[in-house]
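First the proteins, then the strands, lettered A, B, ... as listed; each starts at 1.
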There are 2 protein chains.
Amino acid sequence: MPDTMTFQTKCHACPLRKKQAFRPFEDKELNFVAKFKTGELKVEAGSTIVLEENKTPHLYTILEGWAFRHKSLPDGRRHVLNFALPGDLVGLQLAILNEMQHTVTALTDTTLCVFQRDKVWTVFKDYPALAYSMTWMASREEQMLDGHLLSLGQRSALERLAYLFLHLHDRAEAVGYASNHTFDAPFTQTHLAEALGITPVHTSRTVKKLQQQNLINWKKDRLQILNREKLEAIAAYERDDTTRRPLI
Amino acid sequence: MPDTMTFQTKCHACPLRKKQAFRPFEDKELNFVAKFKTGELKVEAGSTIVLEENKTPHLYTILEGWAFRHKSLPDGRRHVLNFALPGDLVGLQLAILNEMQHTVTALTDTTLCVFQRDKVWTVFKDYPALAYSMTWMASREEQMLDGHLLSLGQRSALERLAYLFLHLHDRAEAVGYASNHTFDAPFTQTHLAEALGITPVHTSRTVKKLQQQNLINWKKDRLQILNREKLEAIAAYERDDTTRRPLI
DNA sequence: CGGACTGTTGATCGGTATCAATGCTCGTGG
DNA sequence: CCACGAGCATTGATACCGATCAACAGTCCG
């Protein structure tokens, strides 16, 4: 459940903006974003941010924390479509298509910047660089989904897991959530299972296999990549382009 | 291999534009699109339109025909990410991210409208309504991929096939490629297998099962949905919103 | 302390893969 | 016009990856 609505982080002093991973902003755009932002939303781990069918009037950027997008079949089978990290937009599909076909849930306590959805058109009309950034992010999400589809369609369970670990590590690293090949792993094996399309039981066995081969080390919410080379070989993973990305 | 470069269809007289499925255009936008379009590309069935790694300077809209997006692992395993039909943009990821991580191949003889990629920024700067349309299409593609991910992750082979048939039928219908619950099926069972993440052998058996239950009829490149209700029940499929969509 | 959730392990089952042979269709060239 | 070959589809036999079922262990928290 949504919580307090405070406004603590000024866009001009945004801690995310300082990170290497993100592109610097023109003043004009930054000033607009500062106005575009109407508040901050802090939610607890486990709470729903955007619900399928529920047309909240907001668009968000994750400022801090992990979330995940998911989608279910009527009988309850649930799939984790992707994870979301700081800098990722939440609710863009809703803002553009006026329809949401998935749910977004916080994995950790999460802070989000809140934008008014009805100003998206203003963005396109008056701030083309920002609009371009939004489209950039939509395209990048599409690219990640392409990767996950390839994974689910063609890779074995072990390969999928290796791929997902590398994928998550690299994304966490890009926003400063990793160091020394290690990152906070706020997800459960059940989350992984739902992302990989396998059962939790088999996930457990598969994780164990990677650990026994000394490829990873996962203890107490910290996951370490021990042998990146071998993991990459198993997964046929290639590190993504690390050119700087936009931030809204 | 790309073929002749002709220019036969004027945007103002675009046959696609007349279809119910698409939103009407403002004159200003239409005039620009007409200028934006630099030609037409006709390719034969089986030829590559956009190749991974290969930075062609073009962005396309499919004017006529079927294509498919796909992506492979180094060892050759290939996955069909999605199919593309008239009105669909090809190469948007390339235009926006400046990088393509998949290939697009023509399934039938296909005609494409060719746009200059380097004018995409002009679109955002001067034609916000068009830019919005592009983003709309990117978001819709993302939505479809979400659906396919749910399918691959959670549905059985039979359910996936039922889902894909309905999905393809409805998309074909929207652009006038279906009538009487029947549409041209230019794909092979191997294509389906690659989209569903199962083997061609198992695809054959699964298709057979749907036919024996009199749910579909697939003969000589024509696929008919015989019992939509039961298919929808098997697939847990819901027809997509049919509000009119943009066209570029 | 108790309960809820998460993860582990073992036994068994089943859906889909794999291997292999055959059939079908269609375009091509003799 | 027929023979042929290349893809594609079908069918059967068998193998295996991951699902399911079940019991139990660990951890956290009220």
Side-chain angles (χ1 to χ4, degrees), chain A residues 44-47 68 73 75-80 105 107-109 151-165 184-212 216-223 234-235, chain B residues 44-47 68 73 75-80 105 107-109 151-165 184-212 216-223 234-235:
Chain A
E44 285 181 358
S47 43
F68 64 105
L73 292 172
D75 67 4
R77 280 175 282 174
R78 185 172 86 162
H79 192 76
V80 170
T105 298
L107 206 47
T108 63
D109 291 353
S151 228
L152 288 184
Q154 309 301 325
R155 284 192 252 249
S156 71
L158 188 73
E159 292 167 344
R160 282 181 223 180
L161 188 60
Y163 174 85
L164 186 56
F165 281 157
D184 287 315
F187 39 78
T188 65
Q189 291 194 359
T190 301
H191 289 119
L192 294 182
E194 288 175 347
L196 299 173
I198 60 180
T199 56
V201 173
H202 196 59
T203 304
S204 170
R205 297 193 224 269
T206 309
V207 168
K208 191 181 169 190
K209 206 172 283 182
L210 288 181
Q211 275 174 333
Q212 284 176 338
I216 62 154
N217 185 20
W218 185 4
K219 285 217 177 94
K220 290 203 297 178
D221 297 342
R222 298 280 294 169
L223 201 156
I234 289 173
Chain B
E44 286 181 356
S47 42
F68 64 106
L73 292 172
D75 67 5
R77 281 174 282 175
R78 185 172 85 161
H79 191 77
V80 170
T105 299
L107 206 48
T108 63
D109 291 354
S151 226
L152 288 184
Q154 310 301 325
R155 284 192 251 248
S156 70
L158 188 74
E159 293 167 344
R160 281 181 224 180
L161 188 61
Y163 173 85
L164 185 57
F165 280 157
D184 286 315
F187 38 78
T188 65
Q189 291 194 359
T190 302
H191 289 119
L192 293 182
E194 287 175 346
L196 299 172
I198 60 180
T199 56
V201 172
H202 196 60
T203 304
S204 170
R205 297 194 223 269
T206 308
V207 168
K208 193 181 168 190
K209 206 172 283 184
L210 288 181
Q211 274 173 334
Q212 284 176 338
I216 61 154
N217 184 18
W218 185 5
K219 286 219 177 92
K220 289 206 296 179
D221 297 342
R222 298 281 295 169
L223 201 156
I234 289 173

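For the pair A:Leu158 CG and D:dG18 P, the computed distance is 8 Å after rounding to whole Å. Across the protein-nucleic acid pair, A:Trp218 atom CH2 and C:dG7 atom P stand 6 Å apart, rounded to whole Å. Atom CG in B:Asp221 sits about 12 Å away from atom P in D:dC8, given to the nearest Å. Per the geometry, CD belonging to A:Gln154 stands 15 Å off P belonging to C:dT16, to the nearest Å. Nucleotide C:dG14 holds its P atom 15 Å from the NE2 atom of B:His202, rounded to whole Å. Taking atom CD on B:Glu194 and atom P on D:dC8, their separation rounds to 10 Å, with Å as the unit. For B:Phe187 and D:dA9, the CZ to P distance is 11 Å, given to the nearest whole Å. The nearest whole Å value for the distance from the NZ atom in B:Lys219 to the P atom in C:dT25 is 12 Å.
For the OP1/OP2 pair of C:dT8 and a distance below 4.0 Å, the side-chain nitrogens and oxygens of A:Gln189 include at least one atom meeting the criterion. Contact check, A:Thr190 against C:dG7: a side-chain N or O comes under 4.0 Å of OP1 or OP2. Considering only side-chain N and O atoms, A:Lys220 lies nowhere under 4.0 angstrom from the phosphate OP1 or OP2 of D:dT27. OP1 or OP2 of D:dA19 sits under 4.0 Å from a side-chain N or O of A:Thr199.
With A:Gln154 as reference, B:His79 is the one residue of B:Arg77, B:Glu194, B:His79 to meet the side-chain hydrogen bond (donor to acceptor under 3.5 Å, both in side chains) rule.
Summary of the strand contacts: B:Val201 and B:His191 both lie near DNA chain D, and taking for each the nucleotide with the nearest heavy atom, the more 5' one is attributed to B:His191. Comparing A:Gln211 and B:Ala157 by the nucleotide of DNA chain C whose heavy atom lies nearest to each, the residue mapping closer to the 5' end is A:Gln211.
Nearest heavy-atom pair, B:Gly197 versus B:Arg160, reported as atom, atom and distance to 0.1 Å: O-NH1, 4.1 Å.
The closest side-chain heavy-atom distance from A:Trp218 to A:Leu210 is not below 4.5 Å. For the pair A:Gln189 and A:Pro200, the minimum side-chain heavy-atom distance is 4.5 Å or more. The side-chain heavy atoms of B:Val80 and B:Phe187, taken from C-beta on, include no pair separated by under 4.5 Å.
Nucleic acid contact class of A:Ser156 (heavy atoms, under 4.0 Å, all strands): sugar-phosphate only. Residue A:Gly197 is classed as a sugar-phosphate contact, given heavy-atom separations below 4.0 Å to backbone atoms only. Heavy atoms of A:Thr188 sit under 4.0 angstrom from primed sugar atoms or phosphate atoms, though from no base atom.
For D:dG12, its base sits under 3.5 Å from the side chain of B:Arg205 at one donor and acceptor pair at least.
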